[in-house]
Amino acid sequence: MQHALQAVTERHALAFKLMFTRTPNRSYIVNNVDILGCRMMKCIEVEQTTRRQPGPPMTLSSRTGREKPSPKAPYIVGLGGTVRSGSTTDNALRLALKMATAAGAVTVQISGQDLNLPMYASEGLERTQAASRLVDELRKADGIIICSPSYPGSVSGYVTTALDYVEDLRGDVAPYFDGRAVGCIAVAGGWPGAMSTLDTLRSIAHALRGWPTPLGVPIVADKGMFDSSGTCLMPKVHEQIDIMARQVVAFASFRAASAAASA
Ligand SMILES: Cc1cc2nc3c(=O)[nH]c(=O)nc-3n(C[C@H](O)[C@H](O)[C@H](O)COP(=O)(O)O)c2cc1C
């Protein structure tokens, strides 16, 4: 089972890499397939007759001597948490972003009062400053990490309302969460709530055309899980958040590189 999951992760990463890698005179047809319940892609390489578009300055790879685009750090937006001070959900999100930063990303966290937004109104165009900032940050994002408490048995009102505002990205070239990796963390008092909330978060990511990472993280909150400095004292939770954060950064890197190449 572990090997099968590893294979799924590797194929998922490969599919993403192929999707966002520009190879001269080649492109990839990408089809959705379902493997072990994960949405996967089958990539078929095809010859392309069009010439490559001009890209950003190229650097020479020291290993191969071939041209490669200058790397751009992926931009990851973390949203979620609760307004409770010392919140497990906040700590989990902060840790995920810390790990994403360590993996090479530039990150921003939107949580606490920044998520205290008015209910989304699809017709009105007026937006509060906090709502405009949220939409602007998500527009810039190469990857997203969402961390929600389980209220009752599902995504909290704050997080759901924030996700409603993604509707403001509907007219973008990359609408909603299109092409973006989405890491999901659900924090609950018990496993049923953690799992149902995680499932809902992953379904929302799909509905918004995002790419839930192979690993989502369900957490059963425990008073001793994080110390006052935000260090996670439970190795298994620490490890799962780390794996998920690195998956988000890996996928987001392809998107960031692709955007840099076509700028
Ligand atoms: C309004 C409310 C509803 C909740 N419903 C559930 C639930 O249905 N299932 C569950 O496991 N935990 C439930 N919890 C517990 C929270 O999910 C848990 O305490 C939270 O994720 C951790 O909170 P913190 O981030 O503020 O530390 C609920 C908590 C509140 C305040």
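Counting starts at 1 for both ligands and their atoms, following the listed order. Note that the numbering runs from 1 along the sequence shown for the chain. Note that the coordinates shown come from a computational prediction; the quantities given were computed from them, not determined experimentally.
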Task: Near ligand 1, at a heavy-atom separation below 4.0 Å: residues by chain and residue number - done: Thr82, Arg84, Ser87, Thr88, Thr89, Pro149, Ser150, Tyr151, Pro152, Gly153, Val187, Ala188, Gly189, Gly190, Gly193
TODO: May I ask you to test the Pro175-Leu169 pair for a side-chain heavy-atom distance under 4.5 Å?
DONE: no
Open item on the list: In the structure I gave you, are the side-chain heavy atoms of Phe177 and Val166 within less than 4.5 Å of one another anywhere?
Closed with: yes
Task: From CE (Met244) to CD1 (Ile185), nearest 0.5 Å - done: 3.5 Å
Task: Rounded distance [0.5 Å steps], CD1 in Ile241 versus SG in Cys147 - done: 7.0 Å
Open item on the list: Does either side chain, that of Thr107 or that of Thr101, offer a donor lying less than 3.5 Å from an acceptor on the other one?
Closed with: yes
Open item on the list: So does Leu79 get a backbone contact from the side chain of Gln109, meaning a donor-acceptor N/O pair under 3.5 Å?
Closed with: no
